[in-house]
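Data block below; observations after.
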Amino acid sequence: MHDYFPNERNDPNYMSTTPYYRRIDLPAGDLHVFAADDLFHAMGAKVLEMANNNLQIPNIRYMSYTPDAHVGVGTCIGTTAVWGAGDGFVSPSIVGSDIGCGMRVHLTNLDAADLRDVKVRRKLVKAIEKRIPVENHARGFFSDIRLDDVLRKGLHGLPNKYVPDGYTPRKATSLTHVECSRFRYEEDALNRIPEPLWHRAHRQLGTLGGGNHFIEIQALETDEANRGIAERWGLRDGQVAVMIHSGSRAWGGAVNQYSGSEVAKTMHRLGLGTGDPKLAFAPLGSDAGRTYTALMKSALNFAVANRHLMAYAVRDAFKEVFGTQAELRTLYDLMHNYAGEESHGGEELFVHRKGTTKALPAGHPDNPEPYRETGHPALIPGSMGTSSYLMVGAEGGGRNYHSICHGAGRVRSRNATKQLVKVDEFASSLRIGQEDEIVVNHKGLEAILDESPQAYKDVDRIIDSVVGAGLAGVVAKCRPLAAIKGV
DNA sequence: ATGTCC
């Protein structure tokens, strides 16, 4: 693979059309990159090599990177890849290993001033920790819920007691804001997953998981560019919000394991392959493709229900600390690792998002009804100690199938970060020991050193690129006050 | 990401 970072003037294949967008003619097809120049050049040649392999999958219509793109297994995190629904392919590699990984945001009726005392933040973190296990082999507190119901019906499979605002599919309340509270699929595929994995997944309901997953208590800062939308969404400056970042836990892993071998067999039988043996894909209409797609959707149901259950536990923790008048209203739940059928420009397509977030603009018919006029919230996490963002799609996002970034994007590996970053540096970036410290549920930070902000790009610059490219706008910045992390 | 090698 030759160098794809040539001098722009010397290479006729290198096209730059705007400061935040370029189309790159790779040997296997076109790659669209939405990023400021320096962020693009920082991505590295491996990122483009991976795109070239992904573009070798037959019938691909479109592939792009967001500014937070970085190397992943088979496919970069930060990829949007589109096929036609009729002659399309599905790729477990372009969905990613943590199927249904995504974000959920709840709005409270509290103000940042209510959490100014560091002791209050500590009390809240402890109260959350008590209800949401984060340790290795963690077991959740929701054994009364049937896993089968969750996998088949998503949020609609939860008992009423876990839906505090009285949501039922017939009764429109705040939960109708939630993106795809139920994914439908060919349920026979569930039989592929062996019994022990069902038990494991059942035990994990209501647990956070490790890596970049987190629960954060944040203070909102609305952006003047979209203050009208902020008001319509019920946001106000200084308002305390809860952000949850988690995925489908071991269930998603089981889906990858048990449908992955069938996908590999299908590729072999059909003589399919690319430059990367780890890049897995199958025709949408093949048995393997259908099985994977069905099981993937079961994992999406698991992920959205799991985030919902954690929010239920957090709501309970808030009531313990702040009294029964404390509220946690659902703003939105939106994943950034998935694939599914979507209609764009009147065409039925199959869209993959791996570490990219859908952000529909105002008026788009696919917005849930309560967000039809404003566009739905696009939930973007920052790294530890840095702000997260509530975004809204812009009209111009249509040229990227309404996909934006999914966060800061890793800039160095977990191992490299542990070598490079010192615990003291991490602690000072969280202002540990100061009155305004970001309270974390770990006594020592060694266990989560690989999550220090030094491991990530600057999320503010990622957001600048997304806004600069005309894909989305900022509605509010979410400043962290406290964080719960797994290991 | 993941019961990260039952």
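Values reported hereafter were calculated over all heavy atoms of this structure, with side chains retained and with hydrogens, waters and symmetry mates removed. Numbered from 1 within each chain, the chains take letters A, B, ... in sequence-line order.
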Evaluate the side-chain proximity of A:L481 to A:R121: yes if any heavy-atom separation is below 4.5 Å, no if none is.
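Result yes, sub-4.5 Å side-chain heavy-atom pair found.
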Can you find a pair of side-chain heavy atoms, one from A:I448 and one from A:M384, that are under 4.5 Å apart?
yes
Quickly work out the [X] [atom1] to [N] [atom2] distance and round it to whole Å.
| X | N | atom1 | atom2 | value |
| --- | --- | --- | --- | --- |
| A:E135 | B:dT2 | CD | P | 13 Å |
| A:H199 | B:dC6 | NE2 | P | 18 Å |
| A:N136 | B:dT4 | CG | C1' | 8 Å |
| A:L208 | B:dT4 | CG | P | 17 Å |
| A:H137 | B:dC6 | NE2 | P | 8 Å |
| A:D450 | B:dT4 | CG | P | 16 Å |

Reckon [X] touches a base, only the sugar-phosphate, or nothing at all at heavy-atom distances under 4.0 Å?
| X | answer |
| --- | --- |
| A:G210 | sugar-phosphate |
| A:G211 | sugar-phosphate |
| A:R414 | sugar-phosphate |
| A:G209 | sugar-phosphate |

Evaluation steps, side chain to side chain donor-acceptor pair (under 3.5 Å), between A:R410 and A:Y456
CA-CA 4 Å; A:R410 195 161 267 281; A:Y456 290 91; 3.2 Å; yes
Is the shortest distance from a Lys or Arg side-chain nitrogen in A:R353 or A:E342 to a carboxylate oxygen in the other one below 4.0 Å?
yes
